[in-house]
Amino acid sequence: MNTSSPDLAVSDNADQNRFELRLNGDLVGILGYYDFERAPSPNPPVVDFMHTVIVEDFGHRGLAAVLVGGSLDLARSRGWRVRPVCTYVQRFLSSHENYRDVVVPLEPQRAEPQRKEPQRKEARRGHLQRKVPARKA
């Protein structure tokens with residue numbers, strides 16, 4: 001593979017619900033998304049960006065940033081709103097404020113209601129004692 005003048009391209013593989021990053025034609029990264037609001041609506045669809053993966057041999061070269069930026073650009077051009085579930089996408093967005101118009105904040109995680117432990121009826125002196133029948137000798 002010739003990497004002296006890399007050809008990088010981000011495209012949408014809608015059949016697999018993912019954006020793909022190709023380097024000189026080879027697939028080197030994906031960003032999986034989930035569109036759970038497909039029903040027609042007057043509001044723009046909200047799409048969850050779930051997980052970003054770069055092939056291990058191409059890690060630490062800035063390709064994940066290229067993939068996320070290109071995916072956000074495609075989302076913006078389609079009128080999508082993006083919910084950044086992926087922690088890498090969250091970190092990317094924290095330093096790229098130019099994508100704020102596309103982002104829908106994550107809903108705060110709801111704390112599960114605290115379950116109360118069932119109160120045990122313990123035998124206490126003078127309180128809730130069981131009557132034991134007398135034994136016959």
Student: In terms of hydrophobic clustering (I, L, V, M, F, W, Y; side-chain heavy atoms under 4.5 Å; direct or indirect links), are V53 and L72 co-clustered?
Tutor: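 Shared cluster, no.
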Student: Could you pull out all residues at least two apart from H96 that satisfy side chain to side chain contact (heavy atoms under 4.5 Å, CB included)?
Tutor: F92, N98, Y99
Student: With V66, which residues qualify under side chain to side chain contact (heavy atoms under 4.5 Å, CB included), at least two apart?
Tutor: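 Checked V66 against side chain to side chain contact (heavy atoms under 4.5 Å, CB included); matches are L8, L21.
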Student: Would you say the side chain of P84 lies within less than 4.5 Å of the side chain of F49, judging by non-hydrogen atoms?
Tutor: no
Student: Going by the rule side chain to side chain donor-acceptor pair (under 3.5 Å), which residues pair with D57 if we only count those two or more places apart in sequence or in a different chain?
Tutor: none
Student: Locate the shortest heavy-atom distance separating D12 from R18; write the atom from each residue and the value.
Tutor: OD1-O, 3.4 Å
Student: Taking side chain to side chain contact (heavy atoms under 4.5 Å, CB included) as the definition, give me every residue that meets it alongside A9, ordered by chain and number, with sequence neighbours left out.
Tutor: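 Side chain to side chain contact (heavy atoms under 4.5 Å, CB included) check on A9 returns nothing, list empty.
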Student: Answer with yes or no whether the hydrophobic clustering places V10 together with Y88; edges join I, L, V, M, F, W, Y residues whose side-chain heavy atoms lie under 4.5 Å apart.
Tutor: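 As far as the 4.5 Å side-chain criterion goes, Y88 and V10 are connected within one cluster.
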Student: Please check if L74 and L67 belong to a single hydrophobic cluster, counting links between Ile, Leu, Val, Met, Phe, Trp and Tyr side chain heavy atoms closer than 4.5 Å.
Tutor: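 Yes, L74 connects to L67 through the hydrophobic network.
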Student: Under the side chain to side chain contact (heavy atoms under 4.5 Å, CB included) rule, what do R61 and I54 come out as? Steps first, then yes or no, please.
Tutor: CA-CA 10 Å; R61 298 182 190 183; I54 298 295; over 6 Å; no
Student: Minimum heavy-atom separation for R83 to D48, with atom names?
Tutor: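 R83 and D48 have their closest heavy atoms at NH1-OD1, 2.7 Å.
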Student: Look only at the side chain of N24 and the backbone of D7, and say whether a donor-acceptor pair between them is shorter than 3.5 Å.
Tutor: yes
Student: Hey, any chance V68 and V103 share a hydrophobic cluster, counting ILVMFWY side chains that come within less than 4.5 Å of each other, even indirectly?
Tutor: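 Yes, V68 and V103 fall within the same hydrophobic cluster.
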Student: With a 4.5 Å cut-off on side-chain heavy-atom distances among I, L, V, M, F, W and Y, is there a chain of contacts connecting L27 to V55?
Tutor: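 No.
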Student: Tell me the closest heavy-atom pair linking T52 and C86, and the distance in Å.
Tutor: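 T52 and C86 have their closest heavy atoms at OG1-SG, 3.4 Å.
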Student: Please enumerate all residues that pass side chain to side chain donor-acceptor pair (under 3.5 Å) together with R22, with sequence neighbours excluded.
Tutor: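 For R22 the side chain to side chain donor-acceptor pair (under 3.5 Å) partners, ignoring immediate neighbours, are E20.
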Student: Using every non-hydrogen atom in the two residues, find where G79 and P44 come nearest and quote the distance to one decimal.
Tutor: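 So the minimum-distance heavy-atom pair works out to O-CB, 2.9 Å.
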Student: Which pair of heavy atoms, one from V102 and one from A75, lies closest together, and at what distance?
Tutor: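 Closest pair (atom of V102, atom of A75, distance): CG1-CB, 4.4 Å.
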Student: Got V89 and L31 here, is their nearest side-chain heavy-atom distance under 4.5 Å?
Tutor: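 Counting from C-beta outward, V89 and L31 do come under 4.5 Å.
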Student: In the structure I gave you, are the side-chain heavy atoms of Y33 and V82 within less than 4.5 Å of one another anywhere?
Tutor: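 When only atoms from C-beta onward are counted, V82 and Y33 do not touch, as no gap falls below 4.5 Å.
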Student: Would you please name every residue forming a side chain to side chain contact (heavy atoms under 4.5 Å, CB included) with T87, sequence neighbours left out?
Tutor: Q90, R91
